[in-house]
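See below for the structure under consideration.
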Amino acid sequence: MKCHRHRERDAVGVCIACGKGLCAETCAQDSDPGLHCDEACVRRLRTRERAGASPPGGWGWSTLMVVLGAALLYYGYRYSEWTMSVPNLLGMLFLWYGVVLLLQRAASRTPKT
Ligand SMILES: [Zn+2]
Ligand SMILES: [Zn+2]
């Protein structure tokens, strides 16, 4: 493999972000987080990782589910006591789903060691 910028030079490694060949003389930057072509390239990779790491929905969506579930449960309790009415069942479903989403997000925020 040849360097992506210098066709006459042999690549000593590839960028961890874009996978391009890098020559030892000028292109390879061997520092945190590894061999890479330039800072901008690594920044782009980190932005992509952040975007891809979060599960679908987001905080707003999961909080909405919990609030909606609590509201439906409250409504069901107020108007039909603790019977298996439609608002009660829907409320429990929303609340459960919202809590699961929140837990998933909390787990994904834990830094990897
Ligand atoms: Zn790169
Ligand atoms: Zn080069």
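Counting convention: from 1, in listed order, for ligands and their atoms alike. Here, residue 1 is the first one in the sequence, and each next residue gets the next number. Remember, predicted model here, so these are calculated numbers, not experimental data.
- Geometry at the Zn ion (ligand 2): SG/Cys27 and ND1/His6 form an angle of 110°, nearest 10 degrees.
- Rounded to 10°, the angle formed at the Zn ion (ligand 2) by SG of Cys3 and SG of Cys23 is 110°.
- Angle subtended at the Zn ion (ligand 1) by Cys41 SG and Cys37 SG: 110°, rounded to 10 degrees.
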Apply the test side chain to side chain donor-acceptor pair (under 3.5 Å) to residues Thr26 and Arg9: give CA-CA distance (whole Å), side-chain angles for both, the deciding distance (0.1 Å), then the verdict. CA-CA 10 Å; Thr26 47; Arg9 293 180 189 168; 3.1 Å; yes
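- With His36 contributing its side chain and Gln29 its backbone, the two residues share a donor-acceptor pair below 3.5 Å.
- Residues Val12 and Met1 are members of separate hydrophobic clusters, defined by side-chain heavy-atom contacts under 4.5 angstrom among Ile, Leu, Val, Met, Phe, Trp and Tyr.
- For Leu72 against Gly91, the heavy-atom pair with the smallest separation is CB-CA, 3.5 Å.
- For residue Cys18, an N/O/S atom approaches the Zn ion (ligand 1) to within less than 2.8 Å.
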